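In what follows, every chain begins at residue 1, and chains take the letters A, B, ... in the order their sequences are listed. When reading the values below, keep in mind they use all heavy atoms of this one structure, side chains included, and skip hydrogens, waters and symmetry mates. The shown structure was predicted, so the numbers you read here are calculated from the model rather than taken from an experiment.
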Protein chains: 2
Amino acid sequence: MHISAKIDYAMRALLTVANGGDDPVSADAISREQGLSIKFLESILNDLRKSGFLQSRRGANGGYVLARPADSIFVADVFRQLDGPLAEVRGLRPETAKYEGAATNLGNVWVAVRASLRNVLETITLADLLGGELPTQIKELLDTPDAWVSR
Amino acid sequence: MHISAKIDYAMRALLTVANGGDDPVSADAISREQGLSIKFLESILNDLRKSGFLQSRRGANGGYVLARPADSIFVADVFRQLDGPLAEVRGLRPETAKYEGAATNLGNVWVAVRASLRNVLETITLADLLGGELPTQIKELLDTPDAWVSR
DNA sequence: ATCATTCCTATCATTTCTATAGGGTATGTG
DNA sequence: CACATACCCTATAGAAATGATAGGAATGAT
């Protein structure tokens with residue numbers, strides 16, 4: 001799974017905005033705090049606004065605030081709006097890919113992949129990430145030291 | 001997560017070959033059974049051979065056989081050889097991406113994503129898929145009807 | 001007015017993805 | 001030995017995605 005720069009930047013931008021509370025946070029401020037290219041960031045902020053995650057205010061002292069509470073924005077929501085479905089096979093939904101002969105059961109793998117991604121991405125909110133308290137089953141995933149090493 | 005045509009075709013090819021037992025299965029036969037473009041398939045079969053999954057035999061009655069037992073080839077192995085690491089963020093390993101300020105905890109999400117992918121892809125073998133019996137925790141993932149609908 | 005800031009459109013270089021083409025090479029069979 | 005079969009290698013290429021950059025228009029606060 002390739003997690004794109006776009007999603008990574010979008011999450012960082014959302015967290016920075018959420019961290020600012022009710023005060024608008026400007027693109028420039030986000031760009032500086034997170035070290036992101038301003039122009040690329042601008043286009044992502046625009047996507048986030050159009051997707052209903054952010055509200056913007058123009059002019060002096062303008063910037064962005066969350067359009068919804070931080071505990072109602074799940075990581076999965078951001079993925080779906082900016083990158084499309086969590087899991088696709090050759091551009092198809094996992095459950096729609098049909099297989100013949102020896103590959104009959106392969107579809108089950110792709111559906112299981114999607115289900116396991118959902119278990120992570122649909123349970124974590126912006127508020128969780130700001131507070132540093134992740135859901136129990138995520139903590140369990142991270143508690144095995146094995147989770148932190150490359151294979 | 002985009003599961004590429006390459007991985008999809010590779011899995012289907014491996015399963016078809018595995019299904020043939022000790023008899024070599026030709027690229028042409030795989031292409032016909034699975035409905036895959038012959039030339040693209042050939043290049044994938046070559047990758048699979050170089051990666052140590054397949055053994056090839058040239059000439060009449062040639063084709064491919066598994067180079068290792070079907071119960072020792074995990075889906076994750078195929079991903080890693082053909083597509084690289086299971087999860088990457090901007091081309092980096094999940095645990096190496098560092099985050100500042102409000103995004104401090106974001107890295108945990110990516111590590112959790114990888115861990116959950118491992119729970120699926122590192123537990124399913126070619127033999128499981130041929131036999132139609134998947135590991136218990138995968139069955140549990142698939143048993144909820146929810147797993148089969150799009151979001 | 002002026003300045004800060006978002007918003008819009010266009011462009012673009014690079015890489016990845018999904019192939020296709022053509023011929024070279026090895027091997028088993030008759 | 002000839003021949004058919006089938007893998008093997010290199011090169012090319014169109015399309016899409018990725019990760020930006022540029023310039024200026026619109027808006028809002030003071």
- [ ] Going 5' to 3' through nucleotides 4-12 of chain D, assign each nucleotide B (protein heavy atom under 4.0 Å from a base atom), S (under 4.0 Å only from sugar-phosphate atoms) or - (no protein heavy atom that close).
- [x] -BSBBS---

- [ ] Treat primed atoms plus P, OP1 and OP2 as sugar-phosphate and everything else as base, then score nucleotides 9-16 of chain C 5' to 3': B for base contact with protein heavy atoms under 4.0 Å, S for sugar-phosphate contact only, - for none.
- [x] --------

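Under the side chain to side chain donor-acceptor pair (under 3.5 Å) criterion, B:Lys139 pairs with B:Glu133, not counting sequence neighbours. For B:Arg49, the salt bridge (charged side-chain N to carboxylate O under 4.0 Å, His left out) criterion is met by no residue, not counting sequence neighbours. Scanning for ring pair (Phe, Tyr, Trp, His ring centres under 6.0 Å) contacts around B:Tyr9 gives B:Phe40, with sequence neighbours left out. B:Arg57 is linked by a side chain to side chain donor-acceptor pair (under 3.5 Å) to nothing, counting only residues two or more places apart in sequence or in another chain. For the salt bridge (charged side-chain N to carboxylate O under 4.0 Å, His left out) test, no residue two or more places apart in sequence or in another chain qualifies with B:Glu88.
Linking ILVMFWY residues whenever their side-chain heavy atoms come closer than 4.5 Å, directly or via other members, places A:Leu134 and A:Trp148 in the same cluster. Put simply, A:Leu66 and A:Phe74 are part of two different groups of oily side chains (I, L, V, M, F, W, Y) that touch within less than 4.5 Å, one to the next.
Straight-line distance from the CD1 atom of A:Ile44 to the P atom of C:dT6: 14 Å, rounded to whole Å. Here the C1' atom of nucleotide C:dA19 and the CZ atom of A:Arg90 are 14 Å apart, to the nearest Å. In this structure, the NE2 atom of B:His2 is 11 Å from the C1' atom of D:dA16, given to the nearest Å. Atom pair A:Leu41:CG and C:dT6:P shows a separation of 9 Å (rounding to whole Å applied).
Inspection of the A:Asp128 and A:Thr125 side chains reveals an N or O donor paired with an N or O acceptor under 3.5 Å.
The stretch residues 77-87 of chain A has no heavy atom under 4.0 angstrom from DNA chain C at all. Of the residues in residues 6-20 of chain A, those with a non-hydrogen atom less than 4.0 angstrom from any atom of DNA chain D are A:Lys6, A:Tyr9.
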Which donor-acceptor pairs under 3.5 Å do the side chains of residues 12-24 of chain B make with protein atoms, sequence neighbours left out?
{"from": "B:Arg12", "atom 1": "NE", "to": "B:Gln34", "atom 2": "OE1", "distance (Å)": "3.0"}
{"from": "B:Arg12", "atom 1": "NH1", "to": "B:Asp8", "atom 2": "OD2", "distance (Å)": "2.9"}
{"from": "B:Arg12", "atom 1": "NH2", "to": "B:Gln34", "atom 2": "O", "distance (Å)": "2.8"}
{"from": "B:Thr16", "atom 1": "OG1", "to": "B:Arg12", "atom 2": "O", "distance (Å)": "2.7"}

Which donor-acceptor pairs under 3.5 Å do side chains of residues 101-109 of chain B form with protein atoms, sequence neighbours excluded?
{"from": "B:Thr104", "atom 1": "OG1", "to": "B:Gly101", "atom 2": "O", "distance (Å)": "2.4"}
{"from": "B:Asn105", "atom 1": "ND2", "to": "A:Leu129", "atom 2": "O", "distance (Å)": "2.7"}

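Of the possible polar contacts, none joining the A:Ser72 side chain to the A:Arg68 backbone as a donor-acceptor pair under 3.5 Å is found.
Taking the side chain as every heavy atom from C-beta outward, A:Leu36 and A:Ile44 never approach each other to under 4.5 Å.
Listed by first and then second residue, the salt bridge (Lys or Arg N to Asp or Glu O under 4.0 Å) pairs that reach into residues 93-104 of chain B are B:Glu95-B:Arg114, sequence neighbours excluded.
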